[in-house]
Number of protein chains: 2
Amino acid sequence: MLENTGQGAVLTESNRACEACALKDLRLPRPLSPRELEVLEQRAKSSAVLDEGATLFSQGDSVNAVYIVRGGAVKTFVTDRNGKEDIIGFFFTGDFIALESLACDLYPMSCAALTKTYICKISRADMQALTRELPSLEEYLFLSVSEELLGSHQLSQILRQLSADERLSSFLLFLSHTNERHKLSGTDLALPMSRREIAGYLGLAVETVSRAFSRLQEKQLIAVNDRNVTLLDIEGLRAQSHCCQSYRDGTFSSEKPVI
Amino acid sequence: MLENTGQGAVLTESNRACEACALKDLRLPRPLSPRELEVLEQRAKSSAVLDEGATLFSQGDSVNAVYIVRGGAVKTFVTDRNGKEDIIGFFFTGDFIALESLACDLYPMSCAALTKTYICKISRADMQALTRELPSLEEYLFLSVSEELLGSHQLSQILRQLSADERLSSFLLFLSHTNERHKLSGTDLALPMSRREIAGYLGLAVETVSRAFSRLQEKQLIAVNDRNVTLLDIEGLRAQSHCCQSYRDGTFSSEKPVI
DNA sequence: CGTGGATTTGAACGGCATCAAACTAAGTGG
DNA sequence: CCACTTAGTTTGATGCCGTTCAAATCCACG
């Protein structure tokens, strides 16, 4: 089922762990109904463990499954001609990984684990069967991808308009928000990704990211200790970021203005 | 039905024009089946004409319909604190406009016509009824938004990595491809958008866009005459762009590598 | 013919990339 | 336990590209 994709990846089949997983913390455009959850669980029989750095799929692989992060974190990326990784997105517990790839025959990107990561797999065939017996799931998928697209627009805005410090501020606020979604501290962050990966995501050089960390620390906005970052002044960071703090949480409507 | 949104917009109800429209040139993740087309046409009773510059909807308006471009071109955008427009996307004949907004209660962006534009409107309620009686349409919507998201990833890549000249080259190749989709010349482009709007899309200053035009012309890659641009050396432009020429045509699979 | 917006061109400044090197931390093997 | 290696991170110096400010030109339109 799950292929070993090299790079020291050890993918183990573990249905038992999967049965224990209620898929309850799927990131939600809306909550899944009990019926949806039941059907989804029934299909999500296959699970895997990815060691840090292990590849889940590579650009050019055929898309014959959908993956969900059950625990840990992954990145999706493409590698440019200089060998530099262009990071497309980070995915955390409860996220569908690159759901939009279902529109392709072959993956237009690669995916690798940032830390030890637990993955849930649903085959493409199962997914099709699922949506047939449970039409509302298709709507769920539409909403999921729509929210990803809205988040991508915000990222584009960040890439177009913001300075290095502002980009990093936005990114830290995004991670803070993600942490809170997972019932973790919104101020004490343990970054699962390297400076290089942050740079690849924010469109900056590694050195610039490092300097931005230093400047935010000088300004007393954060305290940096390797990959452990404490947000000391969230409002200050927000002022820095010049942008909605959460550009991927689907709350673009009503309460919070995008700008 | 269609509200007059000011800015000299003249929105006229014109069911006759709508009946004549077969919706056949909807941009397609896959072709619509005759059945789908029939049902869709039945609902798309309402049409409108937007003068150049007219607003279709504004950020904060409630999302109670979906719009399709029947002829012409529109932009979606947000306005930043300096009053500068950040262009999110351009939409042409056959495109759903900002379909992902259906995931919101209120529009997170505005939409305005670049030229005189003909619009087809389907109310949110009709859309829901449609997907109930035609489940495959929901899949169509999912695929549409997925392709938009894949395109948005490519745009992010452009914003992260490419120089001004490279960005403009990519943009011109994108327009060329769009033109070809509409059975127009792939080399003689009549840009519907201003330099300022191109700048807002590519994350550059107007002056930089203008200079990029000049440089590409000096290099004999294009011939510029106001908003009429002739692509003289497509391969040269492609080499310049360092990127897949078509970042929004859904051909990320099989044949064409993304990089 | 005059006005205002769009576009182009010029000049100077500044932020980020690049190159280079020091420093840290973790892992390896002697 | 320590020398050694390696990758990640930080800091410094320099140069370039794009922004900003300024002004000229062009064009549509009243």
Side-chain angles (χ1 to χ4, degrees), chain A residues 7-8 51-53 75 80-87 112 114-116 158-169 171 190-218 222-229 240 242, chain B residues 7-8 51-53 75 80 82-87 112 114-116 158-169 171 190-219 222-229 240 242:
Chain A
Q7 288 204 19
D51 283 336
E52 177 180 335
K75 62 178 173 182
D80 71 12
R81 60 200 176 289
N82 308 322
K84 219 184 69 175
E85 279 183 5
D86 202 87
I87 307 288
L114 297 173
T115 63
K116 186 165 186 175
I158 286 171
L159 295 175
R160 276 190 277 245
Q161 301 194 331
L162 300 193
S163 70
D165 289 13
E166 292 166 341
R167 290 184 203 192
L168 184 58
S169 299
F171 183 67
L191 310 186
M193 68 287 287
S194 69
R195 301 286 191 268
R196 179 169 301 282
E197 285 159 340
I198 296 173
Y201 185 66
L202 295 180
L204 300 167
V206 194
E207 297 92 327
T208 306
V209 171
S210 179
R211 274 184 255 267
F213 268 112
S214 301
R215 281 190 296 262
L216 293 185
Q217 192 166 25
E218 281 169 21
I222 62 175
V224 183
N225 191 323
D226 204 24
R227 290 195 187 182
N228 299 301
V229 178
Q240 280 277 319
H242 288 157
Chain B
Q7 290 204 17
D51 284 337
E52 177 180 337
K75 62 178 174 183
D80 71 11
N82 307 323
K84 218 184 70 176
E85 279 183 6
D86 201 88
I87 307 287
L114 297 174
T115 63
K116 186 165 186 174
I158 287 171
L159 295 175
R160 275 190 278 245
Q161 302 193 329
L162 300 193
S163 70
D165 289 12
E166 292 166 341
R167 291 184 203 192
L168 184 58
S169 298
F171 184 67
L191 309 186
M193 69 286 288
S194 69
R195 300 286 191 268
R196 178 168 302 282
E197 285 159 341
I198 296 174
Y201 186 66
L202 295 180
L204 300 167
V206 194
E207 297 92 328
T208 306
V209 170
S210 179
R211 274 184 256 268
F213 269 111
S214 301
R215 281 190 296 261
L216 293 184
Q217 191 166 25
E218 282 170 21
K219 293 176 192 166
I222 62 176
V224 183
N225 191 323
D226 204 23
R227 291 195 187 183
N228 299 302
V229 178
Q240 204 53 230
H242 289 157

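A, B, ... follow the sequence lines: proteins, then strands. Residue 1 opens every chain. These figures come from a predicted structure and were not determined experimentally.
If you measure from atom CD of B:Gln161 to atom P of C:dT18, you get 11 Å, rounded to the nearest angstrom. Atom P of nucleotide D:dC21 and atom CG of B:Asn82 are separated by 11 Å, given to the nearest angstrom. Rounded to whole Å, atom C1' of D:dG18 lies 12 Å from atom NZ of B:Lys84. Spacing between atom CG of B:Leu162 and atom C1' of D:dC17 amounts to 14 Å, rounded to whole angstrom units. If you take CG of A:Leu191 and C1' of D:dG8, they are 14 Å apart, rounded to a whole angstrom. If you measure from atom CG of B:Leu204 to atom C1' of D:dT19, you get 10 Å, rounded to the nearest angstrom. For A:Phe213 and D:dT11, the CZ to P distance is 12 Å, given to the nearest whole Å. Counting to the nearest Å, the C1' atom of D:dG18 and the CD atom of B:Glu166 are 14 Å from each other.
We find the CZ-CZ distance between A:Arg227 and A:Arg195 to be 7.5 Å, quoted to the nearest 0.5 Å.
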When you compare the protein's N or O atoms with those of nucleotides 9-13 of chain C, which come within less than 3.5 Å of each other, and at what distance?
residue	atom	partner	partner atom	Å
C:dT9	OP2	B:Ser214	OG	2.6
C:dG10	N7	B:Arg211	NH1	2.9
C:dG10	O6	B:Arg211	NH2	3.3
C:dA11	N6	B:Arg211	NH2	3.4

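Contact check for A:Phe213 versus A:Ile222: side-chain heavy atoms found under the 4.5 Å cut-off. A heavy-atom distance below 4.5 Å is not found between the side chains of B:Glu85 and B:Tyr201.
B:Arg227 comes within 4.0 angstrom of the backbone, heavy atoms only, and of no base.
Defined by atom type and a distance below 3.5 Å, a donor-acceptor pair is present between the side-chain atoms of B:Glu166 and B:Ser163. Residues A:Asp165 and A:Gln240 have side chains that never bring a donor and an acceptor to within less than 3.5 angstrom of each other.
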In 5'-to-3' order, the base (B), backbone-only (S) or no-contact (-) status of each nucleotide in nucleotides 24-30 of chain D, using a 4.0 angstrom heavy-atom cut-off, is -------
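The minimum heavy-atom distance between B:Arg215 and B:Ala164, with the atom names listed, is NH2-CB, 4.3 Å.
The overall bend of the helix from C:dC1-D:dG30 to C:dG30-D:dC1, read as the angle between its terminal helix axes built from five base pairs each, is 30° when rounded to 10 degrees.
Between D:dT9 and A:Arg196, no contact under 4.0 Å exists linking OP1 or OP2 to a side-chain N or O.
Comparing atom distances between the B:Val224 side chain and each of C:dC16, D:dT19, C:dT8 picks out C:dT8 as nearest.
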